[in-house]
Amino acid sequence: MTSSAPPLQRTILQRLLQELCPDCQRLPGPFPVWHGPCPGAQWWPLAQRIHQAGGRLVALWPDAHATLLHVTYALEETLAWVWLELGKAQKIPDLSPLFPAANRLQRAAVDLADFSLAFDAPDQRPWLDHGCWLREQSAPPQPYAFVPVTGEGVHEIAVGPIHAGIIEPGHFRFSVVGEKVLRLEAHLGYTHKGAAARWRQRPALLGHELAARLCGDSTVAYSWAFCMALEAALDWRVAERTLWLRALLLERERVANHLGDLGALGNDAGFAVGLAHFSRLREDWLRLSKALFGHRLLMDSILPGGVRTDLDKTQCALLHAQCVALEPELLTLRDIYEGHAGLQDRFGTTGQVLPGLARQLGLTGLAGRASGMAADLRCHGNWAPYNALDVQAALREEGDVAARVAVRFDETLESLRLIRLILDHLPAPGPAVAAQQNLASTHAVRGLGRVEGWRGEIQVALQLENHRDSLTLRDIHLHDPSWQNWPVLEHAILGNIVPDFPLINKSFNLCYSGHDQ
Amino acid sequence: MWKLFNQITRHGLCTEKPGSLTRPSSATSLTPDTNHGSDPGLTQTPSEIPVLCAAPRDLAPHEAHQRLLKIVGRALTIRAVDAGSCNGCELEMHALSNPYYNLEGAGIRFVASPRHADLLLVTGPVARNMVQALLRAIEATPRPRYVVALGECACSGGLFGESYATHGALSEVTPVDLCIPGCPPEPGFILQCLLTFLERLPASRLPA
């Protein structure tokens, strides 16, 4: 165990909950999660006290029947999951003055709950609902009301939803003077697929297939978080070896994404040879994943209670050798990136988010660690196998594209070390886990899973119910760290020039599909 | 474009040295290996570069056009449209451009605008929020155009299928010329499907 998880802070969150939401109880699972109802009068005071204590808002969502509004707060590795019972014509206090990310989360909650809840917030625009859904109540199809910027010489550039490159759809509205960006406003929700509703129609134990297809670049992180939540709800014990193999898959996914993005970042700054080399390295990486785990992007490699493929000694040696071969190439490319005047000129001070702003806006994950926000789930808490791996979290303070590039290099090298460590200490296969024992007795239990994906913390919260002797999901919500980081991107571009936007955007590389769901 | 090409075959590039005007007007001189013929050292050793030995002559316009088509006429430009995909198909489309698959070497290129495209590669279970943009992109693509469904979601609706937020298969909203299944389809398979599709197209339906 590496982290010095301060017991004092843990008690702060627990004490707050005991004081304000006395019915909270600890959920099973590798992380300390306290959950329970929050009295209506305590909704705002609880948020305020957690904000004062340095906690952060993770997710906010309505349940499937729009009877409860859930929220999760994190303070160090402890998580509070509380819910509010929705009454009639009740205006819920707006949390966005404390946690800016709440703005869009609340608007999405209104969209998803069919307008059966209302927030006492100034921004009432729909977010995910574009007026195209087949529902009884839907926002009227009207143009999205972007905040207008006026003044002499100000004009707007509208980009999307279909972008010039091969990327996911979203709309960006730039207000510019000359080349300088005065304001950027994003409009997302184009890839909303009604995933939660689809989950409820499927057996709970097949839910991992959907979790693997919510965000193609984070399929391992989503699958693991889903399985962690499911296993916590069912109180399953998972074999030690399984957890280590899952961590191996997660680190391989992290490396694959960083390789892709580092190449693309070089390319966006006019350094095409960087793209050529990194895309070659990424392809080698994906091909070995295909050979050993059956899928290039590792989809469906994590199942409830286990992993799809085990490794023998020869396969472990192949994985080990690939790390050994990649490391010197990566170090060479890092030297080239760091020593190239043209690249550093484009990267340095571009798209800067200083630590103060990052803290205020709740920047998280990889982008957060480039702006001095030292949060990495792999370093906190006592959860296997990361408590045995001594993960060194990357951390930079500059908050510009250069810092995010540096964090990616550091994290890739650290992952290469972790993969070799995991392979060296892989626990021996244990006895099969008795998985089915709890299914019949399950009745409306909740579970929560958290995983540090390459982009940041993925959280899955679910509730199971036994419906006619088959296990189904009564409610499920998946949270992507992009919810926190999209609004920060709009700040990062301010004062920069329009041609730098692709570079800044790529340095964050936020998720559309995982955000829209 | 063929006018420009014909002018080059007759008179050479105006930016080149006068001596290079004696270069042969064969269309094959456009291939990369012989494109640097303006170097006097190269033109003096014709025996090593047989293409350059051909006697210069003017091409009739239609002949130049035919030759141009033969070389670049089978090139293909693609506009990718994500209609609600999970980004998995997009990652594999990106992989097509890496040095292993070398998509551009096969004369296939991703372009920024549907107006420059021969073929639309559509992914995802057609999110209802994306339908208007998708149909506009299809409308903006000049004929003859091809609409290809890439990945399980676009081919059949995949796991997401039809719901309040998605249409399911791409064929529910627009006629589809080709389906490339897989979740996501691997880059080698995408390339194979596209090349086979082009090969089997009747000459009348080839990209202009």
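In the text below, chain A, chain B and the rest are named by the order of the sequence lines, each starting its count at 1. Here the structure is a predicted model, which means the values were calculated and not measured.
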Trainee: Just so I understand: if I count every heavy-atom pair under 4.5 Å between each of G165(A), G194(A), P169(A) and chain B, which residue has the most?
Mentor: P169(A)
Trainee: Residues two or more places apart in sequence or in another chain: which of them pass side-chain contact (heavy atoms from CB on, under 4.5 Å) with H479(A)?
Mentor: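 Expected list: V58(A), A59(A), L105(A), Q459(A), H477(A), W483(A), Q484(A).
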Trainee: Are any of the side-chain heavy atoms of F172(A) and F501(A) separated by less than 4.5 Å?
Mentor: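 Contact flag for F172(A)/F501(A) side chains = yes.
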Trainee: Would a 4.5 Å heavy-atom cut-off, applied to side chains only, mark L259(A) and V255(A) as touching?
Mentor: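 L259(A) reaches V255(A) side chain to side chain.
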Trainee: With a 4.5 Å cut-off on side-chain heavy atoms, are L333(A) and L262(A) touching?
Mentor: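 They are not in side-chain contact.
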Trainee: Can you check whether L297(A) reaches L91(B) side chain to side chain, under 4.5 Å on heavy atoms?
Mentor: yes
Trainee: Looking at chain A, which one of P114(B), G124(B), A127(B), A95(B) has the largest number of heavy-atom pairs inside 4.5 Å, strictly under?
Mentor: A127(B)
Trainee: Any side-chain heavy atom of L214(A) within less than 4.5 Å of one from L478(A)?
Mentor: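 Yes, side chains in contact.
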Trainee: Taking the side chain as C-beta and beyond, is there a heavy-atom pair between I302(A) and L249(A) under 4.5 Å?
Mentor: yes
Trainee: Let me know if L275(A) has heavy atoms under 4.5 Å from chain B in its side chain, its backbone, both or neither.
Mentor: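 Neither part; nothing is under 4.5 Å.
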Trainee: So C227(A) and P304(A), do their side chains get closer than 4.5 Å, heavy atoms only?
Mentor: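 P304(A) vs C227(A): side chains touch.
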Trainee: Could you list each donor and acceptor atom pair linking chain A to chain B at less than 3.5 Å?
Mentor:
residue : atom : partner : partner atom : Å
L128(A) : O    : N129(B) : ND2          : 3.0
W133(A) : NE1  : N129(B) : OD1          : 3.4
L134(A) : N    : Y164(B) : O            : 3.0
H163(A) : O    : R79(B)  : NH1          : 2.7
H163(A) : O    : R79(B)  : NH2          : 2.6
A164(A) : O    : R79(B)  : NH1          : 3.3
G165(A) : O    : R79(B)  : NH2          : 3.1
I166(A) : O    : H94(B)  : NE2          : 3.0
G189(A) : O    : N129(B) : ND2          : 2.8
H192(A) : NE2  : Y164(B) : OH           : 2.7
K193(A) : NZ   : G84(B)  : O            : 2.9
R198(A) : NE   : L159(B) : O            : 3.3
R198(A) : NE   : F160(B) : O            : 2.7
R198(A) : NH2  : F160(B) : O            : 2.2
R198(A) : NH2  : E162(B) : O            : 3.0
G216(A) : N    : C86(B)  : O            : 2.6
D217(A) : OD2  : N87(B)  : ND2          : 3.0
E283(A) : OE1  : N98(B)  : ND2          : 2.9
E283(A) : OE2  : Y101(B) : OH           : 2.6
D284(A) : OD1  : Y100(B) : OH           : 2.2
R287(A) : NH2  : Y101(B) : OH           : 3.0
K290(A) : NZ   : E186(B) : OE2          : 2.9
H295(A) : NE2  : C183(B) : O            : 2.9
R296(A) : NE   : E92(B)  : OE2          : 2.6
R296(A) : NH2  : E92(B)  : OE1          : 3.1
S513(A) : OG   : S85(B)  : O            : 3.4

Trainee: Output, in order, the C-alpha distance, side-chain angles, deciding distance and verdict of side-chain contact (heavy atoms from CB on, under 4.5 Å) for L120(B) and I78(B).
Mentor: CA-CA 6 Å; L120(B) 292 178; I78(B) 301 177; over 6 Å; no
Trainee: Which region of F160(B), side chain (C-beta onward) or backbone (N, CA, C, O), has a non-hydrogen atom less than 4.5 Å from a non-hydrogen atom of chain A, or is it both or neither?
Mentor: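 Both parts, backbone and side chain.
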Trainee: Return the option, out of A112(B), A80(B), C89(B), P125(B), with the maximum number of heavy-atom pairs under 4.5 Å with chain A.
Mentor: A112(B)
Trainee: Counting only heavy atoms closer than 4.5 Å, note whether C183(B) contacts chain A via side chain, backbone, both or neither.
Mentor: both
Trainee: Non-hydrogen atoms of chain B under 4.5 Å away: do they reach the side chain of L210(A), the backbone, both or neither?
Mentor: both
Trainee: V126(B) versus chain A, heavy atoms under 4.5 Å apart: side chain, backbone, both or neither?
Mentor: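 It is neither, since no heavy atom gets under 4.5 Å.
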Trainee: Do L134(B) and L170(B) have side chains that get closer than 4.5 Å, going by heavy atoms?
Mentor: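 Yes, at least one pair of side-chain atoms sits under 4.5 Å.
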